[in-house]
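Let me begin by presenting the structure, written as structure tokens, before commenting on it.
A note on names: the letters A, B, ... follow the listed sequences, proteins ahead of strands, and every chain is numbered from 1.
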There are 2 protein chains.
Amino acid sequence: MSKVFDALSHPIRREVLELLKGGGMTAGDIADHFPVSKPTMSGHFAKLKEAGLIHGENRRGSVVYTLNMSTLEEALHTFMGRMGLGRAEGEARPGTKPQGETQ
Amino acid sequence: MSKVFDALSHPIRREVLELLKGGGMTAGDIADHFPVSKPTMSGHFAKLKEAGLIHGENRRGSVVYTLNMSTLEEALHTFMGRMGLGRAEGEARPGTKPQGETQ
DNA sequence: ATGCAATTTAGGCATTTAGCTAAATACCTA
DNA sequence: TAGGTATTTAGCTAAATGCCTAAATTGCAT
């Protein structure tokens, strides 16, 4: 969960996720949307991958990144549940840890 | 928004927010829940304050921190809205959900 | 095998982070 | 006024971040 929030703490990385909502894109096409170098973008992709938020696949000399929405949903919903936010009352049962990764 | 996610990226800081769900607590009482020094905790409080997630008030020689839930809600809901996870007010209807629950 | 385009790795630099101990600054109370 | 408790600031180290340019890698097509 820490890695997800850490990945979300940079505006470029959040915008990458938004871009990928519309479907997979190559690293180069994503990078063209931002005013930083491609190596810098590669680092952002690595962080998003490490958090499990995107997934990269080699396709004809390019890498196509796709969004992994379930990781995002799981982290946000788990945390919101703990904070008593968002879902119905029966959701936020304290003591029920949805098994996972280091907090 | 970046500051909010950055604040949420450390487990101690997330737990501090959870603790404060139950009401205001002094810096010392909060610090006693964690295995790090008080100066280190002071740094975490500073980050949470900078993100607008908590607010500190001087009370008889102590500082009482209180949760600012609206900042948290606003950031999370804004981002979830952008990602198409937002769902407006009619969200909490049981039975309409596509299996996202943490059973 | 060569070359080209796309992407990542390497190395460098400035800044920030998370942690510590020790010291300074409140703030109450006697 | 002095003492004690609570909290923050100072000053440090080690590691991570975010950015860059230059070089290495990968994959496809000559």
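- Taking A:Ser42 as the reference, nothing meets the side chain to side chain donor-acceptor pair (under 3.5 Å) condition, with sequence neighbours excluded.
- When heavy atoms are screened at a 4.0 angstrom cut-off, B:Tyr65 is found touching the sugar-phosphate backbone but no base atom.
- Contacts between residues 23-32 of chain A and DNA chain C, counted as heavy-atom distances below 4.0 Å, involve A:Thr26, A:Ala27, A:Gly28.
- Rounding to whole angstrom units, CG of residue A:Leu48 and P of C:dT8 are separated by 12 Å.
- Residue pairs satisfying the salt bridge (charged side-chain N to carboxylate O under 4.0 Å, His left out) criterion with at least one member in residues 22-33 of chain A, sequence neighbours excluded, are listed as follows: A:Asp32-A:Lys38.
- In this structure, the side-chain contact (heavy atoms from CB on, under 4.5 Å) partners of A:Ser70, at least two apart in sequence or on a different chain, are A:Asn68.
- Linking ILVMFWY side-chain heavy atoms closer than 4.5 Å, directly or via other members, places A:Leu17 and A:Val64 in two distinct hydrophobic clusters.
- One can place CD1 of A:Ile54 at 12 Å from P of C:dT7, the figure rounded to the nearest angstrom.
- Residues forming a salt bridge (Lys or Arg N to Asp or Glu O under 4.0 Å) with A:Glu50 (at least two apart in sequence, or on another chain): A:Lys3.
- End-to-end axis angle of the helix from C:dA1-D:dT30 to C:dA30-D:dT1, using five pairs per end and rounding to 10°, comes to 10°.
- Between A:Phe45 atom CZ and C:dT9 atom P the separation is 13 Å, expressed in whole Å.
- Contacts of A:Ser9 classified as side-chain contact (heavy atoms from CB on, under 4.5 Å), with partners at least two apart in sequence or in another chain: A:Asp6, A:Arg13, B:Phe5, B:Asp6.
- By the salt bridge (Lys or Arg N to Asp or Glu O under 4.0 Å) test, B:Arg60 pairs with no residue at all, sequence neighbours left out.
- Taking atom CZ of A:Phe34 as the reference point, atom P of C:dT7 lies 14 Å away to the nearest angstrom.
- If you measure from atom CD of A:Glu57 to atom P of C:dT7, you get 14 Å, rounded to the nearest angstrom.
- A search for side-chain contact (heavy atoms from CB on, under 4.5 Å) contacts involving B:Glu73 returns A:Leu85, B:Met69, B:His77, not counting sequence neighbours.
- Residues forming a side-chain contact (heavy atoms from CB on, under 4.5 Å) with B:Ser2 (at least two apart in sequence, or on another chain): A:Pro11, A:Arg14.
- A search for salt bridge (Lys or Arg N to Asp or Glu O under 4.0 Å) contacts involving A:Glu15 returns nothing, not counting sequence neighbours.
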Q. In the 5'-to-3' direction, what one-character label does each nucleotide of nucleotides 17-30 of chain C receive under the scheme B = base within less than 4.0 Å of a protein heavy atom, S = sugar-phosphate only, - = no such atom?
A. SSBBBB----SS--
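- Contact annotation: the side chain of B:Phe45 approaches that of B:Val16 to within less than 4.5 Å [non-hydrogen atoms, C-beta and beyond].
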